[in-house]
Amino acid sequence: MKKDTTNILETKPIKIWEIREYKKGSLLENGIVLNETATFIYKLCNGSMSINKIVKMLVKNYKVDPKKAEADIIKCIKEFLVTDSIKLK
C-alpha cells in the first residue's frame, strides 16, 4: 500500500535559520550541517513554494528521477522539522 504524501507535498516550508555557505556544504545557525543538495532544498524553503514545486526544481537542476527526488525531499523536510530548522504553512 502506497503512503499518501499529497498533504505534505502541498505544504510550503519556511526556513527559520540563516544559512552560511561554504565550498563543500552549509551550516545553519542552529548548528546543523547541510550537504549541497540539502542546501539547495533549504534555500527554497521560503514560504511561497510548495514541497511539490521544490521536487520539480530538484529534478530539473540535478536531473534525478522524480519519485526518488520526492522521497528524498520528504525525508529531508522531516529532518528539518525534527531539528526545528523549518516550519510548515
Side-chain angles (χ1 to χ4, degrees):
M1 185 171 170
K2 185 181 173 188
K3 289 183 183 178
D4 182 21
T5 57
T6 305
N7 291 339
I8 195 167
L9 291 174
E10 296 307 317
T11 60
K12 296 177 180 178
I14 303 168
K15 60 186 166 211
I16 295 172
W17 302 101
E18 291 297 318
I19 187 170
R20 292 183 184 186
E21 293 187 64
Y22 300 95
K23 289 181 183 178
K24 295 189 177 194
S26 300
L27 179 67
L28 301 183
E29 286 182 324
N30 63 348
I32 304 298
V33 176
L34 305 178
N35 65 17
E36 178 186 343
T37 308
T39 299
F40 179 84
I41 295 166
Y42 193 77
K43 287 169 67 176
L44 295 174
C45 294
N46 58 19
S48 65
M49 194 174 303
S50 70
I51 294 173
N52 197 36
K53 177 69 176 170
I54 294 171
V55 169
K56 290 176 183 176
M57 292 186 74
L58 186 80
V59 168
K60 181 180 177 183
N61 284 288
Y62 287 90
K63 313 260 188 284
V64 296
D65 175 69
K67 290 294 179 194
K68 173 137 178 53
E70 182 179 298
D72 289 349
I73 288 176
I74 289 171
K75 182 179 177 184
C76 186
I77 292 292
K78 287 180 178 179
E79 191 64 32
F80 288 157
L81 287 168
V82 167
T83 59
D84 294 323
S85 300
I86 63 167
K87 59 184 177 179
L88 299 178
K89 80 175 204 184

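Residues take their numbers from the sequence shown, with the count starting at 1.
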Hydrophobic clusters join Ile, Leu, Val, Met, Phe, Trp and Tyr when side-chain heavy atoms are under 4.5 Å apart, directly or via other members; which others share one with L27? Y22, V33

When rounded to the nearest 0.5 angstrom, what is the spacing between CD in E21 and OG in S26? 4.5 Å

Before giving the answer on side-chain contact (heavy atoms from CB on, under 4.5 Å), spell out for I41 and I77 the whole-Å C-alpha distance, their side-chain angles and the decisive distance to 0.1 Å. CA-CA 8 Å; I41 295 166; I77 292 292; 4.3 Å; yes

Ring pair (Phe, Tyr, Trp, His ring centres under 6.0 Å): pairs with one or both residues in residues 69-89, sequence neighbours excluded: Y42-F80

Atom CG of L88 and atom OG of S50: how far apart are they, to the nearest 0.5 Å? 11.5 Å

Neighbour count >12 (heavy atoms, 6.0 Å) for atom CD, E29: yes

Run M57 and K53 through side-chain contact (heavy atoms from CB on, under 4.5 Å) and show every step you take. CA-CA 6 Å; M57 292 186 74; K53 177 69 176 170; 4.3 Å; yes

Check against side-chain contact (heavy atoms from CB on, under 4.5 Å), I73 and L9: CA-CA 10 Å; I73 288 176; L9 291 174; over 6 Å; no

Answer yes or no: is there a donor N or O on one side and an acceptor on the other, between the side chain of W17 and the main chain of D84, under 3.5 Å? yes

The single option from V59, N52, L58 passing side chain to side chain contact (heavy atoms under 4.5 Å, CB included) against K56: N52

What distance separates L44 CG from K15 NZ, expressed to the nearest 0.5 Å? 8.0 Å

So which atom in S85 and which in L28 form the shortest heavy-atom distance, rounded to 0.1 Å? OG-CD1, 3.6 Å

L81 CG to T11 OG1 distance, which is reported to the nearest 0.5 Å: 8.0 Å

Is a donor on one side and an acceptor on the other found under 3.5 Å between the side chain of K89 and the backbone of I14? no

Can you check whether I54 reaches P13 side chain to side chain, under 4.5 Å on heavy atoms? yes

I19 vs L34, test: side-chain contact (heavy atoms from CB on, under 4.5 Å). Steps then yes/no. CA-CA 9 Å; I19 187 170; L34 305 178; 4.0 Å; yes

Heavy-atom count around K87 NZ within 6.0 Å, excluding the residue itself: above 12? no

Can you tell me how far the CG atom of N35 sits from the NZ atom of K24, to the nearest 0.5 Å? 13.0 Å

Euclidean distance, E10 CD relative to I51 CD1, rounded to 0.5 Å: 9.0 Å

